[in-house]
Every structure is written in structure tokens, then in C-alpha cells.
Participant: 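Starting off with a structure, shown below.
In each ligand, atom 1 is the first atom listed, and ligand 1 is the first ligand listed.
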Amino acid sequence: MARSCRTRGRYGRGMVVVHETVASRVLLGAGARHLVPEEVERLGATRVLLVATGSARAARDELEAALGERAVACFDGAVVHTPVAVTGQAMAVVEEAAADAVVTIGGGSAIGLGKAIVARAGIPHLALPTTYAGSEVTPVLGETTDGVKQTRRDPALLPGTVVYDVELTLRMPVGLTLTSAVNALAHAVEALWAPDATPVSGALATEASRLLLGALPEVLDDPSGLPARTALQEGAWLAGTCLATARMGLHHQLAHALGGTFDLPHAELHTMLLAHVLRHNLPHAPTAAHRLRAITGDDPVAAVAALAAAYDGPRRLRDLGVPADGLAAVAERVAAAPYPNPGPTDAASVEAVLRAAW
Ligand code: NAD
């Protein structure tokens with residue numbers, strides 16, 4: 001028999017999956033940020049704009065000094081969800097400084113602004129992520145105009161160079177560490193049950209889950225421990241790659257729908273939803289269940305719920321001010337145009353997941 005049972009089972013007759021990879025150059029290692037001047041040189045850039053959020057100010061200053069005359073401007077105004085008004089301010093700086101490259105240091109907010117600048121100025125982007133959100137390895141940009149978010153996907157939006165320096169994460173507060181790592185875990189988990197999963201995305205998602213679930217409890221115990229922080233950052237890289245390659249399901253749809261409707265914090269929302277979506281989906285996603293059980297033991301839902309319960313901040317939708325009588329409308333919107341998902345996505349099922357998280 002030319003075709004194996006396994007192939008027939010997973011990609012049934014008439015179904016072909018497509019795996020695309022977009023080129024980017026990734027540097028990984030403690031102290032890797034010190035190689036940024038060389039990387040800038042490699043890009044042939046001589047007029048660099050530095051974009052950093054407050055938490056990365058010290059790293060930004062250090063880099064500015066290392067780049068010397070090649071650092072021509074700084075912009076500190078990046079905020080969550082990439083509002084086009086802020087991008088407009090940053091573009092004025094790009095033009096005034098005649099910048100020929102942008103270097104971003106920070107979480108998804110700084111990197112999102114870097115992508116928005118690239119979309120307008122077409123200059124190279126070197127990203128130094130300081131959270132586990134994963135935006136640095138996706139060709140996706142979500143921008144908001146008057147509170148309405150629009151997302152676009154274009155290979156040109158992927159930062160051409162990513163520098164993972166674990167030292168930039170050592171002082172990340174425990175709460176942000178937890179929610180950001182669970183945000184990353186959600187990318188991996190949804191890739192495990194994605195309908196367009198390939199052997200590559202499945203391998204990345206499995207290893208990402210193993211790294212994140214293994215390292216997070218260690219990092220929560222010892223937030224500045226280098227080996228576990230390194231594992232967490234590696235897991236976030238792989239998980240971000242999953243977000244870039246596989247279609248996301250109910251978990252991300254709920255996060256988008258709730259986040260958009262009630263203006264909720266991105267990583268906290270992911271943290272309070274994931275165990276509930278796992279409980280709903282795993283009975284319908286045998287491969288994901290099998291792979292997660294190999295990591296967590298019998299009960300992946302309990303393992304993720306225990307991590308979420310360790311968060312010293314809002315843990316339920318109600319704690320974020322989401323009204324109970326707003327859940328049915330969100331469930332109906334999700335059910336009207338569901339993302340691909342292994343578990344049922346009718347309004348009643350989705351509302352039950354939301355009520356559990358509430
Ligand atoms: P963020 O970048 O908004 O950072 C959250 C807060 O943590 C900020 O105040 C920041 O200054 C601080 N911070 C960041 N790193 C820190 C560190 N190491 N130590 C201490 N404080 C630190 O949050 P985020 O979760 O990284 O990114 C969220 C944004 O990124 C959202 O707009 C989301 O939509 C976007 N995002 C986009 C993609 C994509 O593929 N396009 C993927 C993931 C997230």
C-alpha cells in the first residue's frame with residue numbers, strides 16, 4: 001500500500017495541508033543583544049530608529065550607546081493594539097530622522113509598532129522581544145483605528161532579524177511572566193488541534209508545550225534563574241512560530257471577541273480562558289490530548305488550571321468587569337462565524353465555556 005493508514009487518518013482523502021516558512025534570522029543566547037551593532041551593519045543600515053517601551057528603557061540606552069552615531073532617533077510611545085494615531089507619531093520621527101532601519105525592544109506592543117512602521121516605510125526591522133507573546137516571529141499585524149482592530153498578514157511584516165537575549169527577561173515581574181507564558185502556551189495548544197497542523201507545526205507545538213509547561217513553575221519559584229528562563233524563551237519562540245503557521249481556534253477567537261468587546265488585558269485574558277477551552281476541546285482532539293498527557297500526566301486541564309490559579313491578579317472574567325449578561329451575545333457572535341475548532345462551537349456550548357471562565 002502506497003499510502004499509510006496514519007496518513008489517510010490525519011489528512012483524509014482529498015485533504016492536503018500546506019506548510020509555509022517565511023525567512024527570518026534568529027539569534028538566541030544570553031548577551032545576544034551585544035551583537036545588535038553587527039547585525040545592523042549586516043543590514044547595511046546607518047540611521048537606526050530605536051523603539052522601546054518603559055520597561056526596556058535601560059536596554060534601549062545601552063543599545064543607543066553601542067550604536068553610537070548610527071542611533072539617530074528614539075520613540076517611546078508604543079502601546080497595546082498598535083493604534084494608528086501612535087504609528088502616525090512614530091512615522092513623523094522616522095521621516096524627520098531619515099531612519100533606514102527600526103530596532104524594537106519590548107513586548108508585542110513595541111514589536112507591533114515596529115511592524116506598522118515597516119508596513120509604511122519598508123525599512124528592515126530587528127526585534128528584541130522581552131515577553132513571550134511571540135509577535136516577533138509572525139507576519140501578522142493588528143492595528144486599531146478608533147478602537148476597531150484590523151489584522152493583516154503579509155510576509156513583509158515578519159521582522160527580518162530577531163534577537164532573543166534571555167537577560168532582557170530576568171527582571172520580568174512574576175505576574176507578567178505567568179500570563180505571558182500562558183499566552184504563549186495557548187498558541188502551541190491551539191496549533192496541536194489545528195485542522196491545518198503539519199508534522200512541522202505539530203513538532204514545534206509539542207516541544208513548545210513541553211518547554212513552557214516544564215519551565216514556568218521553575219521560573220515562578222526562581223524568577224531570575226537563567227536555565228529555566230532560557231527554556232521559557234525558547235518555548236515562546238516555538239509557540240510564536242506555531243501562531244504564524246497554524247490556524248487558531250476557539251481559544252483565540254474568545255480572546256479576540258472578549259478583548260475587543262470589553263477592552264481587556266491580552267495576556268491575563270488568555271490565562272483565564274485556556275484551561276476552560278482545553279476542558280471543552282480535549283475530548284474531541286485525541287492527538288493534542290495524547291501529546292499534552294505525555295507532558296503533564298493524566299490531566300492537562302488540571303495542570304494548566306493550577307498554573308492559572310497561581311496568578312496573583314484577576315483570575316475570572318468577572319474580576320475584569322465582564323458582565324454576566326454580556327456573555328450570551330459574545331457566544332452568539334462566535335458561533336455565527338467560528339474559527340476552526342475540534343469541540344462544538346454552537347452558541348450554547350460556547351456560552352458554557354464562557355460561563356465557566358466567568
Ligand atoms: P506588551 O508589549 O503590551 O507589554 C506589557 C507590559 O509589560 C508593558 O507595560 C511592557 O512595558 C511591560 N514589559 C514588557 N517586557 C517586560 C519585561 N521583560 N520586564 C518588565 N516589564 C515588561 O504586552 P505583550 O503581551 O508582549 O504584547 C501584547 C500586544 O502584542 C497586543 O497588542 C497583542 O495584540 C500583540 N501581539 C501581536 C501578535 C502578532 O502576531 N501580531 C502576537 C502576540 C501579541
Participant: Tell me whether atom 20 (C) of ligand 1 lies less than 4.0 Å from at least one protein heavy-atom position.
Facilitator: yes
Participant: Which of the atoms of ligand 1 are close to Leu243, meaning less than 4.0 Å from one of its heavy atoms?
Facilitator: 40 (O), 42 (C)
Participant: For ligand 1, which atoms, with element, lie under 4.0 Å from some heavy atom of Gly107?
Facilitator: 2 (O), 26 (O)
Participant: Counting only heavy atoms closer than 4.0 Å, does ligand 1 sit against the backbone of Lys149, its side chain, both, or neither?
Facilitator: side chain
Participant: At a 4.0 Å threshold, what atoms of ligand 1 neighbour a non-hydrogen atom of Gly108?
Facilitator: 2 (O), 24 (P), 26 (O), 27 (O), 29 (C), 30 (O)
Participant: Testing the 3.5 Å rule here: is there a donor-acceptor pair between the side chains of His81 and His266?
Facilitator: no
Participant: Please report whether ligand 1 has a polar contact with Thr131, defined as an N or O pair separated by less than 3.5 Å (distance criterion only).
Facilitator: yes
Participant: May I ask you to check whether over 12 heavy atoms, not counting those of His19, lie within 6.0 Å of atom NE2?
Facilitator: yes
Participant: Answer with side chain, backbone, both or neither: which part of Thr130 has a heavy atom less than 4.0 angstrom from an atom of ligand 1?
Facilitator: both
Participant: Around atom CZ of Arg318, are there more than 12 heavy atoms from other residues, nucleotides or ligands closer than 6.0 Å?
Facilitator: yes
Participant: When you measure from atom 31 (C) of ligand 1 to every protein heavy atom, which one gives the shortest distance, and what is it?
Facilitator: Val80 CG2, 3.7 Å
Participant: Check if Pro173 has a non-hydrogen atom at a distance under 4.0 Å from any atom of ligand 1.
Facilitator: yes
Participant: Could you tell me the residue and atom name of the protein heavy atom closest to atom 41 (N) of ligand 1, and the distance to it rounded to 0.1 Å?
Facilitator: Val140 O, 2.9 Å
Participant: Among all protein heavy atoms in this structure, tell me which lies nearest to atom 1 (P) of ligand 1, with the distance rounded to 0.1 Å.
Facilitator: Ser109 OG, 3.4 Å
Participant: I need the atoms of ligand 1 closer than 4.0 Å to a non-hydrogen atom of Thr138, numbered in the order shown.
Facilitator: 39 (C), 40 (O), 41 (N)
Participant: Taking the basic N atoms (NZ, or NE/NH1/NH2) and the acidic carboxylate oxygens, is any pair closer than 4.0 Å for Arg60 and Asp76?
Facilitator: yes
Participant: For atom 38 (C) of ligand 1, what is the nearest protein heavy atom, given as residue, atom name and distance?
Facilitator: Ser135 CB, 3.5 Å
Participant: One residue to check: Val79. Relative to ligand 1, which of side chain, backbone, both or neither has a non-hydrogen atom less than 4.0 Å away?
Facilitator: neither
Participant: More than 12 foreign heavy atoms under 6.0 Å from CG of Asp61: is that the case here?
Facilitator: yes
Participant: Report yes or no: does Asn183 contribute a side-chain atom to a donor-acceptor pair with the main-chain N or O of Ala133 at less than 3.5 Å?
Facilitator: no
Participant: Donor-acceptor pair, Thr198 side chain versus Ser201 backbone, under 3.5 Å?
Facilitator: yes
Participant: One residue to check: His81. Relative to ligand 1, which of side chain, backbone, both or neither has a non-hydrogen atom less than 4.0 Å away?
Facilitator: both
Participant: For Pro223, which of Glu218, Arg229, Arg171 qualifies under side-chain contact (heavy atoms from CB on, under 4.5 Å)?
Facilitator: Arg229
Participant: One thing to verify: whether Glu351 and Arg355 come together as a salt bridge, which I'm taking to mean a side-chain N less than 4.0 angstrom from a carboxylate O.
Facilitator: yes
Participant: Inspect the contact between Glu143 and Lys115 and indicate whether a charged nitrogen and a carboxylate oxygen are less than 4.0 angstrom apart.
Facilitator: no
Participant: Counting only non-hydrogen atoms of the protein, does one fall under 4.0 Å from atom 6 (C) of ligand 1?
Facilitator: no
Participant: Does Arg247, at its CZ atom, have more than 12 non-hydrogen atoms belonging to other residues, nucleotides or ligands within less than 6.0 Å?
Facilitator: no
Participant: Students should be able to answer this: which protein heavy-atom is nearest to atom 12 (C) of ligand 1, and at what distance?
Facilitator: Ser55 OG, 3.6 Å
Participant: Does the pair Arg33/Glu167 count as a salt bridge with the N-to-O cut at 4.0 Å?
Facilitator: yes
Participant: Within the 4.0 Å heavy-atom shell around Thr53, which atoms of ligand 1 are there?
Facilitator: 11 (O)
Participant: Should you measure from each heavy atom of Leu168, which atoms of ligand 1 turn up under 4.0 Å away?
Facilitator: 18 (N)
Participant: What is the closest protein heavy atom to atom 43 (C) of ligand 1, and at what distance does it sit?
Facilitator: Ala133 O, 3.3 Å
Participant: What do you reckon, are the aromatic ring centroids of His276 and His280 less than 6.0 Å apart?
Facilitator: no
Participant: Distance below 4.0 Å between atom 9 (O) of ligand 1 and any protein heavy atom?
Facilitator: no
